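Presented below is the structure to which this report refers.
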Amino acid sequence: MTDGLVIDAEGLDRLSCSARAGPGAGKKTLKAKTVCEAGFRNLTYVRNLSPVLVGEPPALLGDDSAPNPSETALAALGSCISVGMLANATHHGVTLTKIEVEMEGDIDISAVWGVGDTPDDKIPGFTEVRCKVTLAGDTDEKTLQQIHDNAITWSPVVNTFRRPAIVESTLVAS
C-alpha cells in the first residue's frame with residue numbers, strides 16, 4: 001500500500017505508446033446524450049454509467065438540485081487538470097499526496113439563453129477562468145512546477161477553453 005495518489009504506471013506507459021503509434025492513433029470520438037427531465041433539470045448519459053444530473057440554481061429558474069452547465073464545465077476543467085497532474089507525476093516517478101484544483105470563472109449570462117440582452121457583439125460564456133492548483137508529493141517545488149506546467153499545456157479541456165472546438169448542431173424535429 002502507498003501513502004499517495006497512484007495510477008498504474010505500466011498502463012500509463014502502454015497508453016502513451018499506443019497514442020504515438022502513428023497518425024491519428026490518439027484521436028477518439030467521445031459521445032454523450034442529454035435528455036431534459038423537467039424544467040431546467042437535464043440528465044446526461046455517458047457510456048453505460050449512471051446519468052449525470054445538470055440543472056440551474058434558483059436565480060436562473062432552476063431547482064438547485066445540481067451544478068449548472070457552466071459549473072459543470074469548470075468541474076470538467078478541474079478534473080482534467082487533476083488527471084494530467086497525476087499522470088505527469090506518475091511518468092516522472094513522483095508520488096503525489098495531494099491534488100486540489102480550485103476554479104473560478106467570470107461569465108456573462110445577460111443573453112439569458114438568447115432571450116435577453118443579445119446585441120450582435122455579445123459574446124456569452126466565460127471571459128476568464130482562474131485555476132489555483134495545490135500539489136504535494138515526494139519531490140521538490142521545481143519538479144512540482146514542471147508537473148503542473150506540462151499538465152496544463154497538454155490538458156484537452158484546458159485547450160478546449162483556450163482554443164474552442166467547432167460546434168455544429170442539426171435539428172431533428174420529431
Side-chain angles (χ1 to χ4, degrees), residues 5 19 23-24 26-89 96 98-136 141 144-174:
L5 306 167
K27 295 187 179 190
K28 306 291 180 206
T29 298
L30 304 180
K31 296 181 180 184
K33 178 180 179 180
T34 298
V35 178
C36 183
E37 183 181 56
F40 283 155
R41 289 174 56 92
N42 291 281
L43 294 173
T44 297
Y45 298 85
V46 178
R47 299 190 311 265
N48 61 349
L49 303 172
S50 297
V52 175
L53 179 62
V54 178
E56 292 289 352
L60 296 176
L61 308 178
D63 63 7
D64 210 19
S65 60
N68 73 22
S70 298
E71 292 164 332
T72 304
L74 288 178
L77 176 65
S79 295
C80 191
I81 290 169
S82 177
V83 165
M85 301 290 170
L86 187 52
N88 276 272
L96 295 176
K98 181 177 188 177
I99 304 172
E100 288 184 5
V101 185
E102 296 177 54
M103 289 93 28
E104 62 180 26
D106 301 329
I107 189 167
D108 184 345
I109 61 167
S110 62
V112 191
W113 308 290
V115 298
D117 181 25
T118 56
D120 289 340
D121 62 346
K122 173 72 68 171
I123 300 175
F126 287 111
T127 54
E128 186 174 327
V129 176
R130 293 167 297 282
C131 300
K132 182 173 103 177
V133 177
T134 303
L135 292 179
E141 188 172 341
L144 290 175
Q145 187 67 53
Q146 290 171 336
I147 289 167
H148 168 273
D149 294 350
N150 203 39
I152 295 297
T153 297
W154 294 103
S155 162
V157 180
V158 167
N159 281 288
T160 298
F161 270 80
R162 288 181 174 165
R163 293 183 291 276
I166 296 167
V167 177
E168 297 176 9
S169 182
T170 303
L171 173 65
V172 178
S174 58

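Keep in mind it's a predicted model, so treat the numbers as computed, not measured.
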* Structure fact -> Nearest heavy-atom approach of W113 to L60 is CH2-O, 3.7 Å
* Sequence neighbours excluded - ring-ring contact (aromatic ring centres under 6.0 Å, His included) pairs with any residue from residues 51-89 -> none
* **Residues in side chain to side chain donor-acceptor pair (under 3.5 Å) contact with D106, at least two apart in sequence or another chain** => R130
* For A165, check side-chain contact (heavy atoms from CB on, under 4.5 Å) against everything at least two apart and list the hits. => none
* Please, which pairs that meet side-chain hydrogen bond (donor to acceptor under 3.5 Å, both in side chains) have at least one residue in residues 114-123, sequence neighbours excluded? -> D108-K122, S110-K122, D117-K122
* **Within residues 162-174 or reaching into it, pairs that qualify as side-chain hydrogen bond (donor to acceptor under 3.5 Å, both in side chains) - sequence neighbours excluded** => N159-R163
Contacts under 3.5 angstrom, residues 70-86 side chains, donor-acceptor by atom type, not counting sequence neighbours:
from: E71; atom 1: OE1; to: N68; atom 2: N; distance (Å): 2.7
from: T72; atom 1: OG1; to: N68; atom 2: O; distance (Å): 2.9
from: S79; atom 1: OG; to: A75; atom 2: O; distance (Å): 3.0

* To do: Mind checking side-chain contact (heavy atoms from CB on, under 4.5 Å) for S50 and listing every partner two or more places apart, or none if nothing turns up?
  => none
* Asked: Among all residues two or more places apart in sequence or in another chain, which pass the side chain to side chain donor-acceptor pair (under 3.5 Å) test with D149?
  -> Q145
* **Contacts of K27 that satisfy salt bridge (Lys or Arg N to Asp or Glu O under 4.0 Å) - sequence neighbours left out** => none
* To do: Return the set of residues passing side-chain contact (heavy atoms from CB on, under 4.5 Å) with T160 (not counting sequence neighbours), or none when no residue passes.
  => none
* Excluding sequence neighbours, so at least two apart, what forms side chain to side chain donor-acceptor pair (under 3.5 Å) with E37? -> R41
* **Those residues that, when tested against V35, pass side-chain contact (heavy atoms from CB on, under 4.5 Å) (two or more places apart)** => K33, Y45
